[in-house]
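Reading through the C-alpha cells given below for one structure.
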Number of protein chains: 2
Amino acid sequence: MPKIETSRVRAPRADARRNRDHILGIAEQYFSEHGVAGSLDAIAKQAGVGAGTLYRHFPNREALLAALLIARDDALVSRRDDLRNRSENAADALAGWLDAVSEWAGAFDGLPEPLRAATTTSPSPLAVTCQGFITTTDEFLQAAQNEGSARGEVRARDLFLAALATSWVRGAAMADDASAAALAALTRNGWEL
Amino acid sequence: MPKIETSRVRAPRADARRNRDHILGIAEQYFSEHGVAGSLDAIAKQAGVGAGTLYRHFPNREALLAALLIARDDALVSRRDDLRNRSENAADALAGWLDAVSEWAGAFDGLPEPLRAATTTSPSPLAVTCQGFITTTDEFLQAAQNEGSARGEVRARDLFLAALATSWVRGAAMADDASAAALAALTRNGWEL
DNA sequence: GGCAATATGGAGACACTCTCCGTCTTGTCC
DNA sequence: GGACAAGACGGAGAGTGTCTCCATATTGCC
C-alpha cells in the first residue's frame with residue numbers, strides 16, 4: 001500500500017520560500033514609492049531575481065498585490081477588534097471602520113482601482129480580501145441599523161465602495177486630503193440617521 | 001511698414017484639419033469600445049494615418065481626451081440650462097446636475113480617473129473643462145445653500161469629485177449600476193438638509 | 001508654375017509584460 | 001556521502017504599446 005495522500009501539495013522548497021519573501025519585501029517598498037502601476041520587471045531586478053521567478057510566484061500584478069495586502073490584513077483586523085470593544089456606540093464604530101478601510105486602501109498609490117475592480121469582477125485574488133472586509137462592514141452596519149443610527153436601505157457593499165472612493169479621491173501622494181475628508185463626512189451624513 | 005501681426009498663428013492647413021477631425025471621430029468610437037486606455041497607435045491605424053500624425057495633433061492621451069470631451073460639452077451645458085430653468089427647487093437642480101456630471105464622466109470606460117487627476121494636478125488639458133464644471137456646480141450649490149436645502153460646509157469641488165466617484169464605482173460596462181445609484185443617493189443625503 | 005511653410009507616415013528607440021526552456025538547487029533515499 | 005528526480009532559477013526574446021524623428025509629400029500663396 002503506497003503512502004497515504006495526506007497533503008496533496010508538497011511544502012515549497014527553501015530557496016523558493018526565501019525568494020518569495022524577498023520579492024514581497026522589495027515589492028512593498030517599490031509600490032510604496034512608485035504606486036501599484038510600477039514595473040514588475042524592475043521589482044524582479046531590484047530583488048536580484050529573474051523575471052521568470054517573480055512571475056512563477058505571482059502570476060500577475062493582482063496576485064502580487066493580494067499577497068502584499070494579506071500581510072497588511074492584520075492591522076485592519078486588529079483595528080476592527082478595537083472598534084468592536086472600545087466604541088461607545090455603533091454609529092461611531094461604523095464610521096471608524098470605514099475610515100480604517102479607506103486608510104488601508106491608500107497604502108499604495110493607485111490601489112483603490114484594483115480593489116474596486118475586484119469587488120465587481122469576482123475571480124480575482126483580491127476578491128477574497130475585499131469580500132471579507134465587506135462582511136465586516138455589514139456587521140458594523142447591522143449593529144448601527146439595530147441601534148437606529150443608520151438608514152435601513154444602505155447596503156454594506158455600497159459603504160465599502162464609498163470608503164474606496166474616498167481613498168481614490170485622495171489620489172497620488174495624498175494630493176487632495178481635504179476633499180477626501182469632505183467625502184468621508186459626506187458619506188457619514190449619507191448613512192447616518 | 002510690414003504687415004501688422006494680427007494673429008500670431010496661421011490657420012491650419014486643410015489636410016491637417018481634415019485629419020484632425022477624422023482622428024477625433026475614430027477615437028470617439030474606439031474609446032467607446034475599448035475604454036480610455038485603448039491603444040493610440042491602433043486609433044491611428046484605424047484612422048488610416050501614421051502615428052506621427054496622431055501625436056502631432058494630440059501630444060498625449062489626455063489631449064485627445066480633452067478634445068473629445070469638448071465636443072460633448074454641449075450636451076452637459078444644455079442640461080445645465082434645462083436644470084436652471086425647469087427645476088422646482090434648488091436642491092433638485094443640484095441633484096440633477098450631479099447626476100448629469102456623473103453620467104458625462106461615464107462616457108468612456110476609465111474616464112473618471114483622468115478627470116480626477118486633472119482636478120488635482122492642474123496643468124492638464126482636461127483641467128479647464130473640469131474647472132468649468134466645478135464652477136457650475138458651485139452655482140447650483142450656492143443656490144441650494146441660500147434656499148436652506150444644502151449644508152453650509154459643503155464645497156462644490158467635493159461634490160464634483162463625489163459625482164466622479166459615483167461614475168468610478170460603476171466601473172466598466174456599467175458593472176455595478178446598483179452601487180452607483182446607492183452612492184449617488186448617499187451623496188445626496190450627505191449634502192442635503 | 002514655383003517656392004516656402006506645413007503636414008505626413010512609418011521606421012525605430014525604448015519600456016513593459018509575460019513565456020519558455022536549458023541549467024542549477026534541493027531534498028530524499030540508499 | 002552520493003546520486004537522482006522534482007522543483008526552482010534566470011534571462012533571452014516575443015508581443016504590445018508609447019512616442020520621436022526626419023526624409024518625403026502636400027498646400028497655399030505670389
Side-chain angles (χ1 to χ4, degrees), chain A residues 2-24 26-27 30-31 33-68 108-110 113-114 117 124-125, chain B residues 2-3 5-24 26-27 30-31 33-67 108-110 113-114 117 124-125:
Chain A
K3 187 162 82 179
I4 299 162
E5 296 184 10
T6 44
S7 59
R8 276 250 67 126
V9 285
R10 261 223 254 250
R13 247 167 56 175
D15 52 348
R17 174 170 295 284
R18 209 184 316 126
N19 272 326
R20 187 181 193 278
D21 290 351
H22 187 225
I23 290 170
L24 237 27
I26 299 290
Y30 196 89
F31 282 151
E33 284 171 25
H34 300 84
V36 295
S39 156
L40 297 189
D41 270 23
I43 290 174
K45 184 173 286 185
Q46 201 166 313
V49 303
T53 299
L54 187 151
Y55 284 96
R56 194 164 344 91
H57 285 294
F58 311 103
N60 53 48
R61 189 179 301 272
E62 285 218 320
L64 178 52
L65 233 30
L68 235 31
F108 309 120
D109 178 27
E113 176 56 39
S124 152
Chain B
K3 184 160 83 180
E5 296 184 10
T6 44
S7 60
R8 276 250 68 130
V9 285
R10 259 224 254 254
R13 247 167 56 176
D15 54 348
R17 174 171 296 283
R18 207 183 320 124
N19 272 328
R20 197 190 125 94
D21 290 350
H22 187 226
I23 290 169
L24 236 28
I26 299 290
Y30 196 88
F31 281 151
E33 284 172 24
H34 300 83
V36 296
S39 156
L40 297 189
D41 271 23
I43 290 173
K45 184 172 289 185
Q46 201 166 311
V49 304
T53 300
L54 187 152
Y55 283 98
R56 195 167 340 91
H57 286 294
F58 311 102
N60 52 51
R61 190 179 300 272
E62 285 219 319
L64 177 53
L65 233 30
F108 309 120
D109 178 28
E113 176 55 40
S124 154

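We name chains A, B, ... by the order of the sequence lines, and we start the count at 1 in each one. Quick caveat: nothing in here was measured; it's all calculated off a predicted structure.
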To check you understand the geometry: which heavy-atom pair defines the closest contact between A:Ala67 and A:Leu24, and what is its length? CB-CD1, 3.9 Å
Using every non-hydrogen atom in the two residues, find where B:Gly110 and B:Pro114 come nearest and quote the distance to one decimal. O-CD, 3.0 Å
Grab the CG-P distance between A:Leu40 and D:dG11 for me, whole Å please. 17 Å
What integer distance in Å separates B:Arg18:CZ from C:dT8:P? 9 Å
Which atom pairs, donor and acceptor, lie under 3.5 Å between side-chain atoms of residues 34-41 of chain B and protein residues at least two apart or in another chain?
unit_1	atom_1	unit_2	atom_2	d
B:His34	ND1	B:Tyr30	O	3.2
B:Ser39	OG	B:Asp41	N	3.4
B:Ser39	OG	B:Ala42	N	3.0

Side-chain N or O of A:Ser39 less than 4.0 angstrom from OP1 or OP2 on C:dT17? yes
Hits for side chain to side chain donor-acceptor pair (under 3.5 Å) against A:Asp15, two or more places apart or cross-chain, chain-then-number order -> A:Arg13
Just verifying a value: how many Å separate A:Asp21 CG and A:Arg17 CZ, rounded to the nearest 0.5 Å? 6.5 Å
Between CG of B:Leu64 and C1' of D:dT18 the distance, given in whole Å, is 13 Å
5' precedence on DNA chain C between B:Asn19 and A:Arg61 (nearest-nucleotide basis): B:Asn19
Tell me which residues in residues 42-51 of chain A lie within less than 4.0 Å of DNA chain D, going by non-hydrogen atoms. A:Gly48, A:Val49, A:Gly50, A:Ala51
Between CZ of B:Phe31 and CG of B:Leu65, what distance do you get to the nearest 0.5 Å? 5.5 Å
Contact class for A:Arg17 vs. all strands (heavy atom < 4.0 Å): base, sugar-phosphate, or nothing? nothing
Got a list of side-chain donor-acceptor pairs under 3.5 Å for residues 46-60 of chain B, not counting sequence neighbours?
unit_1	atom_1	unit_2	atom_2	d
B:Asn60	OD1	B:Glu62	N	3.1
B:Asn60	OD1	B:Ala63	N	2.9

Separation of atom OH in A:Tyr30 from atom C1' in C:dC16, rounded to whole Å: 11 Å
B:His22 NE2 to C:dT8 C1', straight-line distance once rounded to whole Å: 15 Å
Please enumerate all protein N or O atoms sitting under 3.5 Å from an N or O of nucleotides 2-5 of chain C, with distances to 0.1 Å.
unit_1	atom_1	unit_2	atom_2	d
C:dA5	O3'	B:Arg10	NH2	3.0

At 10 degrees resolution, what angle do the end axes of the helix from C:dG1-D:dC30 to C:dC30-D:dG1 form when each is taken over five base pairs? 0°
Say you draw a straight line from CG of B:Asp109 to CD of B:Glu33; how long is it, rounded to the nearest 0.5 Å? 12.5 Å
For B:Pro12 and for B:Ala37, locate the closest nucleotide of DNA chain D by heavy-atom distance; then report the residue assigned to the nucleotide nearer the 5' terminus. B:Ala37
Specify the separation, in whole Å, of atom NE2 of B:His34 and atom P of D:dT18. 12 Å
For A:Arg18, the side chain to side chain donor-acceptor pair (under 3.5 Å) test, sequence neighbours excluded, returns none
Rounded off to whole Å, could you give me the CZ-to-P distance for the B:Arg20 and C:dT8 pair? 12 Å
Sugar-phosphate only, base, or nothing, as touched by A:Thr53 at under 4.0 Å among non-hydrogen atoms: base
Whichever of A:Arg56 and B:Asp15 has the more 5' nearest nucleotide on DNA chain D, that residue is A:Arg56
May I have the distance from A:His57 (atom NE2) to C:dT19 (atom P), rounded to whole angstrom? 15 Å
Side-chain donor or acceptor of B:Asp41 under 3.5 Å from a matching atom on the base of D:dC19? yes
